[in-house]
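A short write-up of the structure that comes next.
We count ligands from 1, going down the list as the structure has it; atoms in each ligand are counted the same way. What you are looking at is a predicted structure, and each value in this text was computed from that prediction instead of being measured.
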Amino acid sequence: MEWSEFARWGARISDWAKAYHDTIRARPVRAQTAPGEILAALPASPPMQGDGMEAAFADFEKTVMPGITHWQHPRFFAYFPANATPPSMLADYLSSVIAPQCMLWQTSPAATELETRMIDWLRQSIGLPDGFSGVIQDSASSATLAAVLTMRERTLGWAGNIEGLAGQATLRVYSSVEVHTSVDRAIWIAGIGQDNLVRVPTKGATRGMDPVALDAAIAADIAAGYVPAGIIACTGGTGTGGCDPIDAVCDVAAKYDLFVHVDAAWAGAAMICPEFRDMWTGVERAHSVVFNPHKWLGMQFDCSAHFLRTPEELVKTLAIKPEYLKTHGEDGIINYSEWSVPLGRRFRALKIWFVLRVYGLEGLQTMIRNHVAWSTELCEKIRDTPDYEIVTEPVLSLFTFRYTPQSMSAENVDAFNLRLVNAVNDDGRIYITQTRTDGKLVIRFQVGQVDATRDDVIEAFDVIREIAAGL
Ligand code: PLP
């Protein structure tokens, strides 16, 4: 492709992007295609001769776009958000254009130094104290894996990486059942084994782990010959927003010298608003904290901020310096690939910089406060509606509810609510998902899309009621 053609296409795609966002409300939020439909429309073999951008773009519109679920739709209330704001998209475009590999300081000094500054801006923004440093990981899953590997090696005196795990003590890691499945995967990949992920019971409305039960589980494991390695706590669990009592968890961790990782992948963004920080009181005592600006801060995927109180332990676990990666004669530099599992790294700091400069923290705070307020308002409306029950109270902008008319038997309620979720998503005006809590199938509702308005949120329930009435 000639660069002149590239410039023409760049302008055309920018126009397309604006038109897409201007008309996005007219699209069904969740893709309405059947499994295999898109695959069947794609040629089975690659072309031997190129047929140009015009043809590729036409096929993108014809074949790909109908199979897209619109995460940037203002009536996206499913899962957690994955926001992309215009300055973030533009920054990612620039990053794609220069396409640097940001693994070592010398492979792009500006990327490394901007990353150091941006991580510190984010640290200040969410109220973590001075002394935490950090790294931008590709995902919270990677950050949690890095944390689990660090707790493993710290406990084994860094022998696991060298000798392997056979013959080592059997390690134990502790979490509640409210944590994301990325924790289970990290435990598998780190060779600790699912059986050694000890689930601590939760208590109270916050669904946080019971510190007394945590202490008892650790003491029992030590008595049985296991070696505790660490605790994974969550602030804003995926299902219903469960929050562990971080301060009390850190008290127990300190008693046994255990590493604490806090997964705040979704809720961490809200900590830019000081009034929400009591959700994670004590977080400054954790060793490792992750949150995803790519969820609720408009810095599009991928962008996970991983903070560390003692980064030396992480670096000692992950750094590997073959001759071809040595940066001779450069003292005091950071090579961020030594802080993460992958070697290659995208230039992610640029979108953090652009978003913070365009909106400022106040702009992002206003967005989050609106989302929380509208979600709470909707929750009250549903609570006041006959035949509907709030099952878990709002945690920031997430709550769960279900349709439970008195005439419906308990066993039919689960099936009905699942049918309701599917029918709502087939309708396409809004998108919601379900979860299971205390054995009940419930509808999960979160507000987090950057362009959502109060009307989008409140009217979502009109859609749900209308569809429930017709089922
Ligand atoms: N932790 C929590 C609490 C989450 O909700 C999620 C995803 O929604 C993750 C971790 C995984 O995030 P990622 O996709 O960045 O790995």
For [atom], what's the nearest protein heavy-atom neighbour? Residue, atom name and distance, please.
atom                    : answer
atom 11 (C) of ligand 1 : His180 CE1, 3.4 Å
atom 1 (N) of ligand 1  : Asp263 OD2, 2.6 Å
atom 7 (C) of ligand 1  : Lys295 NZ, 3.1 Å
atom 3 (C) of ligand 1  : Thr238 OG1, 3.3 Å

| task | Any chance you could lay out the side chain to side chain donor-acceptor pair (under 3.5 Å) test for Gln300 and Ser88, step after step, and finish with the verdict? | result | CA-CA 6 Å; Gln300 79 205 56; Ser88 169; 3.1 Å; yes

| field | Quiz item: cation-pi between Arg277 and Trp280, 6.0 Å / 45° | value |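 No; the conditions do not both hold, so Arg277 does not lie above the ring face of Trp280.
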
| query | Quick one: does Trp266 get within less than 4.0 Å of ligand 1, heavy atoms only? | reply |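 Contact check Trp266 vs ligand 1: negative.
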
| query | Mind checking whether Gly237 has a heavy atom under 4.0 Å from ligand 1? | reply |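 So Gly237 does not count as touching ligand 1.
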
| query | Trp353 and Phe347: aromatic ring centres closer than 6.0 Å? | reply |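 Not close enough - the centres of the two rings lie 6.0 Å or further apart.
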
| field | Centroid-centroid under 6.0 Å between Tyr336 and Trp105 rings | value |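 Between Tyr336 and Trp105, the centre distance exceeds or equals 6.0 Å.
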
| query | Are any side-chain N or O atoms of Asn425 and backbone N or O atoms of Ile432, one a donor and one an acceptor, separated by less than 3.5 Å? | reply |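 Between the backbone of Ile432 and the side chain of Asn425 there is a qualifying donor-acceptor contact (under 3.5 Å).
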
| field | Location of contacts on Ser182 toward ligand 1, heavy atoms closer than 4.0 Å | value |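 Near ligand 1, Ser182 shows its side chain, while the N, CA, C and O stay back.
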
